[in-house]
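Input: a single structure, listed below in structure tokens.
These numbers come from the heavy atoms of this one structure, side chains and all, not from hydrogens, waters or symmetry mates.
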Amino acid sequence: MTTRRNTRRKQAVAAAAVVAALLSTAACGGGGDDGKDSGGGSANAAGFDAANNKVANASAKAGGELKFAGAQDADSWDTTRGYYGFVWNFMRYYSRQLVTSKTAPGAGGTELTPDLAAERAKITDDGKTYTYTLRDGVTWEDGKPITSKDVKYGIERQWAQDVLSGGPVYLRDILDPKGEYKGPYKDTSADHLGLKAIDTPDDKTIVFHLPTANSDFEEILALTSSSPVRQDKDTKSKYGLKPFSSGPYKFESYTPNKGLVLVRNENWKQASDPVRKALPDKISLTLFSNADDMDNKLLSGEYDLDVNQTGLSPQGRTKALKESKENLDNPVSGYIRYAVFPQSVAPFDNIHCRKAVIYGADHKSLQTARGGPVAGGDIGTNMLPPSVPGAEGQKYDPYGLAANDGAADVTKAKEELAACGKPDGFSTTIAVRNNKPVEVATAESLQASLAKVGIKVDIDQYDGAQTSGIIGNPTVVKQKGYGIIIMGWGPDFPSVQGFGQPLWDSKYILESGNNNFALIKDKAIDGNFDKYSVELDDAKKTALSTEINHQVMEGGYYLPFVFEKFINFRSSRLTNVYTTDAYSGMYDFVSLGVEK
């Protein structure tokens, strides 16, 4: 096993060097194979980085089948339960919200625009009352009108965490901070619409009454978890198997871990939807158990893009840069990749043991395992991504992670081991998804460097499709002894509340679908989130954002790996391709079309 792991690490170093060289050529305008078609690439491809924050292959042509491939299924296709970034991006094919992100490249995508609502909110009562009127002609897939009550009911489902765990719960905590409402399934009112914080005076008007103002409220309403759900179509825990569409496409079929097919919703009207162009006739997703197999299928032209949008595998990157550079983009994502230490698993209840891992890690090796500086990203020195106001990038490096080219600080690691009462080291287990080769490589890198300071690490690869029920369940984490969890996170929306609150606020520790893996319960951090949510001054919000990041890093809860970059593939058939900050550097799915 040791020989195999050493070989893998050497391969990762070599692959990173090859990628850097090939990317340098690509940046200088190099194409693939004299412009010949090599599977997915062709002389008609838009060019390297052509869709990075700008539109490539603009076209209004409709028709054809848009073919997604993926190495991981959704955590859930239920709009209330889904939490993966690519899932939110994809859900806009079959769900609509009162407001949503603009279909625009780069930072322009983070701006909000009316969707189901005719206009942005009318805000009164010092920021505590938001009123919307639904636009004309919005319908469900059976042609019935979407009403304000459908929107309210869809939002109420967030309270049913015992049945619908996994998704964001911002609205639950904002609208019902005392936890008085029990959710629609336990609602004793006749219409099961008993949440007092939302009024629906008629079928086209919806009014939100916030007990306390929240400066990010409209950003939260733009999340797909705020989508309408019609009561008579709510199959509760089974809803994710066939959601009822409010968008331009509807489910034709879905087989978990195999794939799904969307077809046109014949009752959707373009006149009622200024956001979605709905160019393809059909949208399919095929799921693979092996990421390298998927990449080969993409590069051969059988599929158009990776639904997961986490970049090509090391093998796929090298091949694509040689053969299909014109079909690649290298955006900076809004994601940070990291290790996190659950305090429920000894000895990580001790801050010095946590810091021993942070100092004992070889950060250059971790960066290399993730693809190097161009394909993986800059060495992460803290936990606030560059896209969030208040971020300081590598200027804030409290543990010196980027110093000495990312080398481990063995001396400090051993000092911390002594301080935590483990001078000879200790043993623990890393949890990593089994369908993410780059995460496995990262775990092996961390394992190797920690061994040099006396920390023995086993690696447990779990089913990546079961994330919310495994690492998202604190009881399971403790039972399995997962002292280190490898994961990544991007902003739900571009603020410290939208990025860090699910990770760091004690209110967001959940029995299932938990993302506060470290189980942080810090009154100072909680208090700053409370201050941030009611602060309307942008400069003060930015300062609070910076302070929260510092508090998190000072607690030693995380080992950041990289401020991530991707190398993503797009087939030559794709039209209207661009990356958007609204989805952390992913392509904006709802704008895509295909050449037939």
*asked:* Lys541: which residues meet the side-chain hydrogen bond (donor to acceptor under 3.5 Å, both in side chains) condition with it, sequence neighbours left out?
replied: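 So Lys541 forms a side-chain hydrogen bond (donor to acceptor under 3.5 Å, both in side chains) with Ser215.
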
*Determine, stepwise, if the pair Ser545 / Leu384 fulfils side chain to side chain contact (heavy atoms under 4.5 Å, CB included).*
CA-CA 9 Å; Ser545 176; Leu384 204 60; 3.4 Å; yes

*Around atom NZ of Lys269, are there more than 12 heavy atoms of other residues, nucleotides or ligands at under 6.0 Å?*
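Atom NZ in Lys269 is packed in, count exceeds 12.
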
*CD of Glu119: more than 12 outside heavy atoms within 6.0 angstrom?*
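It does not: Glu119 CD has 12 such atoms or fewer within range.
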
Side chain [X], main chain [Y], donor-acceptor under 3.5 Å:
X: Asp176; Y: Tyr181; value: yes
X: Asn514; Y: Leu510; value: yes
X: Ser533; Y: Asp530; value: yes
X: Asp125; Y: Lys128; value: no
X: Gln447; Y: Val457; value: yes
X: Ser165; Y: Asp162; value: no
X: Lys507; Y: Asp173; value: no
X: Glu564; Y: Gly488; value: no
X: Tyr249; Y: Pro280; value: yes
X: Thr546; Y: Thr542; value: yes

Could you verify whether a donor N or O on one side chain and an acceptor N or O on the other, from [X] and [Y], lie under 3.5 Å apart?
X: Trp159; Y: Asp187; value: no
X: Asp349; Y: Gln343; value: no
X: Ser95; Y: Gln97; value: yes
X: Tyr587; Y: Thr580; value: no
X: Gln309; Y: Tyr583; value: no
X: Asp581; Y: Ser387; value: no
X: Glu218; Y: Tyr132; value: yes
X: Tyr557; Y: Asn516; value: no
X: Ser246; Y: Arg96; value: no
X: Thr80; Y: Arg157; value: yes
X: Tyr83; Y: Asp492; value: yes
X: Gln497; Y: Asp216; value: yes
X: Asn214; Y: Tyr170; value: no

So which heavy atom on [X] is nearest to which on [Y], and how close?
X: Lys152; Y: Leu193; result: NZ-O, 2.8 Å
X: Met487; Y: Ile471; result: SD-CD1, 4.0 Å
X: Pro385; Y: Ile336; result: N-CD1, 3.5 Å
X: Phe86; Y: Gln72; result: CZ-O, 3.6 Å

*Mind running salt bridge (charged side-chain N to carboxylate O under 4.0 Å, His left out) on Arg276 and Asp115 for me, showing each step along the way?*
CA-CA 9 Å; Arg276 300 159 186 80; Asp115 186 359; 2.9 Å; yes

*If the plane angle is over 60° it's perpendicular, under 30° parallel, otherwise tilted; pick one for Trp77 and Phe90.*
tilted

*Give the C-alpha distance, both sets of side-chain angles, the deciding distance and a yes or no for salt bridge (charged side-chain N to carboxylate O under 4.0 Å, His left out) between Arg230 and Asp232.*
CA-CA 6 Å; Arg230 209 168 80 194; Asp232 65 329; 2.7 Å; yes

*Could you check Glu266 against Lys250 for salt bridge (charged side-chain N to carboxylate O under 4.0 Å, His left out), going step by step and ending with a plain yes or no?*
CA-CA 9 Å; Glu266 60 274 11; Lys250 62 183 180 181; 3.1 Å; yes

*Any ion pair linking Asp202 and Lys204 (charged N to carboxylate O, less than 4.0 Å)?*
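Between Asp202 and Lys204 there is no salt bridge, as every charged N stays at least 4.0 Å from the carboxylate O atoms.
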
_Whether Arg81 and Asp75 form a salt bridge (side-chain N of Lys/Arg under 4.0 Å from carboxylate O of Asp/Glu) is what I want to check._
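Result for this pair is no, no salt bridge flagged.
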
*Using the side chain to side chain contact (heavy atoms under 4.5 Å, CB included) rule, take Thr428 and Phe348 through it: C-alpha gap first, then chi angles, then the decisive distance, then the call.*
CA-CA 10 Å; Thr428 193; Phe348 293 104; 3.4 Å; yes

*Determine, step by step, whether Ile485 and Val477 satisfy the side chain to side chain contact (heavy atoms under 4.5 Å, CB included) criterion, reporting the C-alpha distance in whole Å, the side-chain angles of both residues, the deciding distance to 0.1 Å, and the verdict.*
CA-CA 9 Å; Ile485 294 171; Val477 169; 4.2 Å; yes

Could you tell me the separation between the [atom1] atom of [X] and the [atom2] atom of [Y], rounded to the nearest 0.5 Å?
X: Arg433; Y: Ile470; atom1: CZ; atom2: CD1; value: 11.5 Å
X: Arg92; Y: Ser227; atom1: CZ; atom2: OG; value: 10.5 Å
X: Leu195; Y: Glu180; atom1: CG; atom2: CD; value: 10.5 Å

*Are Phe208 and Tyr130 close enough that their ring centers fall under 6.0 Å?*
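Between Tyr130 and Phe208, which both carry aromatic rings, the centre distance is not below 6.0 Å.
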
*Determine, using ring centers only, whether Phe561 and Tyr338 are less than 6.0 Å apart.*
no

With a 4.5 Å cut-off on side-chain heavy atoms, are [Y] and [X] touching?
X: Leu559; Y: Leu446; result: yes
X: Glu141; Y: Asn267; result: no
X: Phe68; Y: Phe589; result: yes

*side chain to side chain donor-acceptor pair (under 3.5 Å) assessment of Trp268 paired with Asp273*: CA-CA 8 Å; Trp268 172 82; Asp273 191 342; 3.0 Å; yes

*Taking only residues two or more places apart in sequence or in another chain, which ones pass side chain to side chain contact (heavy atoms under 4.5 Å, CB included) with Lys258?*
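So Lys258 forms a side chain to side chain contact (heavy atoms under 4.5 Å, CB included) with Thr255.
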
_Member of Phe499, Phe517, Tyr532 meeting the ring pair (Phe, Tyr, Trp, His ring centres under 6.0 Å) criterion with Trp504_ =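 Option passing the ring pair (Phe, Tyr, Trp, His ring centres under 6.0 Å) with Trp504: Phe499.
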
*Picking from Thr200, Asp191, Asp234, what satisfies side-chain hydrogen bond (donor to acceptor under 3.5 Å, both in side chains) with Tyr153?*
Asp234

*Please test Tyr508 against Asn515 for side chain to side chain donor-acceptor pair (under 3.5 Å), starting from the C-alpha separation and ending with a verdict.*
CA-CA 8 Å; Tyr508 285 75; Asn515 291 293; over 6 Å; no

_Ile520 vs Tyr558, side chain to side chain contact (heavy atoms under 4.5 Å, CB included): CA-CA, chis, key distance, verdict_ = CA-CA 11 Å; Ile520 299 171; Tyr558 288 87; 4.2 Å; yes

